[in-house]
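Sequence lines set the chain letters: A, B, ... in the order given, protein chains first and strands last, and positions in each chain run from 1.
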2 protein chains.
Amino acid sequence: MDQRVKKKATIYDLSVLSGSSPSTVSAVLNGTWRKRRIKESTAQTILGLAELHQYTTNLQARGLRRSRSGLVGLMLPVHDNRYFSSMAQTFEGHVRSRGQCPVVVSASRDPEEERRTAETLISYSIDQLFIVGATDPDGVHEVCEPAGLRHINIDLPGAKAHSVISDNYEGARMLTKAIIRRFGNDDPLRPDELFLFGGRNDHASRERIAAFHATKKALLGADPEDGVQSSGYSPDITLRAFEAFYQRHGKLPRALFINSSINMEGLLRFMAGRPAEMFSELVVGCYDYDPFGSFLPFPVIMVRQNVEAMITKAFELIDNPTTTPQTFLIAPELVQPRSALKGPLDTLKDIA
Amino acid sequence: MDQRVKKKATIYDLSVLSGSSPSTVSAVLNGTWRKRRIKESTAQTILGLAELHQYTTNLQARGLRRSRSGLVGLMLPVHDNRYFSSMAQTFEGHVRSRGQCPVVVSASRDPEEERRTAETLISYSIDQLFIVGATDPDGVHEVCEPAGLRHINIDLPGAKAHSVISDNYEGARMLTKAIIRRFGNDDPLRPDELFLFGGRNDHASRERIAAFHATKKALLGADPEDGVQSSGYSPDITLRAFEAFYQRHGKLPRALFINSSINMEGLLRFMAGRPAEMFSELVVGCYDYDPFGSFLPFPVIMVRQNVEAMITKAFELIDNPTTTPQTFLIAPELVQPRSALKGPLDTLKDIA
DNA sequence: AGTTTCTGCACCATCGATTGTGCAAGCGAA
DNA sequence: TTCGCTTGCACAATCGATGGTGCAGAAACT
């Protein structure tokens, strides 16, 4: 054999070398050999040869035959965000510990892309799909269902498959309350001094906005209609929302409820180039946790969604396929300003 | 057929339905039919049937036959970090625009895990592998090489395959200089007031530390030996390093060079629970960019590695396989405090 | 010795798509 | 009419692993 690109050893090669049949080799290598009553010594011989020739199973062939692949998919809206990246990190740990191979892809919150991505993954016979923050979870379901692919929604719920999501209402209630309480009694917050930025017409935003309204009303007695500035999940649109607000009022509100860390980046863009003092009195609540975000020069109260619990619950549900789709709420956690919480990375072994 | 889990249509099904042979169906569906002189009308019939029955290619079967998969792998140390997650985001865009399917996995900076992960990916016949920040790039190479898998190192170089990395020396030089210059002439920084935290024995750390030493020496005239506190890539170890330092000196240095955003999180942990005033005079340089990190309550000068350029260069190299392995340096960019830069997410279309 | 029961393994179809090759029918030219 | 070329497609081997089935030889039993 040429040293370059020597073909990988197959069970047929080992079959010839060992004098056993391919099926015997296969059984030995995939661990079913006791069930097939292969002699211990035969097995050892084959395992030895496999080691020697660096045999590794061609997983495409196995996948083709078994019509599953050992791959478990995670579909994210985007990678570049601490909420979703911690989701990926946590997911990886779980999948790895089950001896499967995690595959993480993103679909940009584009319903079409979401479906295409699911289809591609299905073509590789992935075993399960975790759908995170999909814009159109039910559209993805329509793709998974006929293929018999087990799937589950996380973060944003769908009607046709189980969903595990944050308790957005409760989280937003806590957050709104914490923002309001942050102001003392001598100079309490007025209803028209607290605005929500971000959010669009998805389940999470709706819940959060509802809780925001209700809590404002309950604690501040009133809630002016224009208290919400929708700006989707885009830093730039959020920036423009802040600029527009600033244009109109000549200042920012005293307090902000920001719908996600992505919108929070819009606030950063607004801050860039403006004097820091402009923000020294600001109080911000952000629905999402980012360790750096927690230490900004003004108090930032954050909500950390319990990613670990969500993923755990999702695995539980996907393993015991039940009947009618349900949505499960996972309680998030309020994070006081200047908190550096442990994350999924802390599970990895530290090396100095 | 049962409505549940109806098997997916195959070329054989379409072959029966259309009255053509499987090979003809295959050719039509994979686009090689003109080359095979299939009649236009035959093709149209088959395409119609494919549409009707929602045919999708079984990519495992194709992969088995062609011994490639259309998958392109990205192996990261970890997901949960803005540097690496922006890498993933950028990578996805590139791969998608080439009509292939990106898969992102992490290997926890564990050489053994890195090799195992590469092996798994190889078993799925991925077409190319981008190895980011590997602890043992050459170990991964040893796995890829015999399999004939094209691969390239990013962020941390290897000796046996092309590498695309940040110009760490130059970046660290700029950063060190910027930190020092940050102090006015009336109260200039002394050599024993600037410390480096983080880093371990990898190429990037060594370069940065060398530049740190050299620049300190050049600009401050001296460089005490104990100016570097190695603490790997772990927030917790970094936290302990800060605590130990604080224990010994009763205060932090006036200025810090922090080797990565992960170490920066160690600083956050140190800050948590301590009064903000303790850090009001601090000046920090961080080798990595995080938008939130840029707005901390003290000046944080950051270095943004040019992820887009690195990925672009990597694709260029992996497409034109040349001879002897080389390392290519990509210039990073100094980011002034309170900057909110655009990132890979800004490429996505905004939806409000 | 003859029959049953294990042992230990080989045989072979199969998963779905790809691709080199072969060949019949159609057509124009000689 | 016959030769030769083109058109349009079918055939069959192949990628590597899996798992149901069958069968020879040894052991156990009557």
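An OP1 or OP2 oxygen of D/dA17 is reached within less than 4.0 angstrom by a side-chain nitrogen or oxygen of A/Y55. Note on B/R62: a side-chain N or O is less than 4.0 Å away from OP1 or OP2 of C/dT18. Dashed line: the shortest gap from a side-chain N or O of B/T42 to OP1 or OP2 of D/dC9 is under 4.0 Å. In this model, the phosphate group of C/dC11 is not approached by any side-chain N or O of A/S23 to a distance below 4.0 Å at OP1 or OP2. OP1 or OP2 of C/dT18 lies within a sub-4.0 Å distance of a side-chain N or O belonging to B/N30.
The closest side-chain heavy-atom distance from B/T57 to B/N30 is not below 4.5 Å.
The backbone N or O of B/Y12 lies less than 3.5 Å from a partner atom in the side chain of B/T10, making a donor-acceptor pair. Using a distance-only test at 3.5 Å, with no hydrogens or angles considered, no donor-acceptor pair links the side chain of A/S20 to the main chain of A/V25. Judged by distance alone, the side chain of A/D127 and the main-chain N or O of A/V72 form no donor-acceptor pair under 3.5 Å.
In terms of position on DNA chain D, the residue among B/L64 and B/E40 whose nearest nucleotide sits closer to the 5' end is B/E40. Where A/A43 and A/Y12 each meet DNA chain C at their nearest nucleotide, the meeting point lying more 5' is that of A/A43. Residues A/S21 and B/R68 each lie close to DNA chain C; by heavy-atom proximity, the contact nearer the 5' end of the strand is made by A/S21.
Nucleic acid contact class of B/T10 (heavy atoms, under 4.0 Å, all strands): sugar-phosphate only. B/R66 comes within contact range of the sugar-phosphate backbone alone, with a heavy-atom separation under 4.0 Å but no base atom that close. If you check every strand for non-hydrogen atoms under 4.0 Å, A/T32 touches nothing.
In this structure, A/R37 places its CZ atom 12 Å from C1' of D/dT21, rounding to the nearest Å. Distance CG (A/L14) to P (C/dA10): 13 Å, rounded to an integer number of Å. Summarising the geometry, the separation between CD1 on A/I38 and P on C/dT7 is reported as 13 Å, rounded to the nearest angstrom. A/R34 has its CZ atom 12 Å from the P atom of C/dG8, to the nearest Å. One interatomic measurement links the two molecules: CD1 of B/I46 to P of C/dT18, which rounds to 13 Å at whole-angstrom precision. Between the P atom of C/dT18 and the CD atom of A/Q60 lies a distance of 12 Å, rounded to the nearest Å. When rounded to the nearest whole Å, the span between CZ of B/R65 and C1' of D/dA17 equals 16 Å. Taking atom NZ on A/K35 and atom C1' on C/dT7, their separation rounds to 17 Å, with Å as the unit.
For a distance-only test at 3.5 Å, the side chain of A/R36 qualifies as a donor-acceptor partner of the base of D/dG20.
A/L71 contributes atom CG, which lies 7.5 Å from atom CD of B/Q60 (distance to the nearest 0.5 angstrom).
Closest to the side chain of A/K39, out of D/dC9, C/dC9, C/dT18, is C/dC9.
Using a 30° and 60° split on the angle between ring planes, A/H141 and A/H151 fall in the tilted class, from 30° to 60°.
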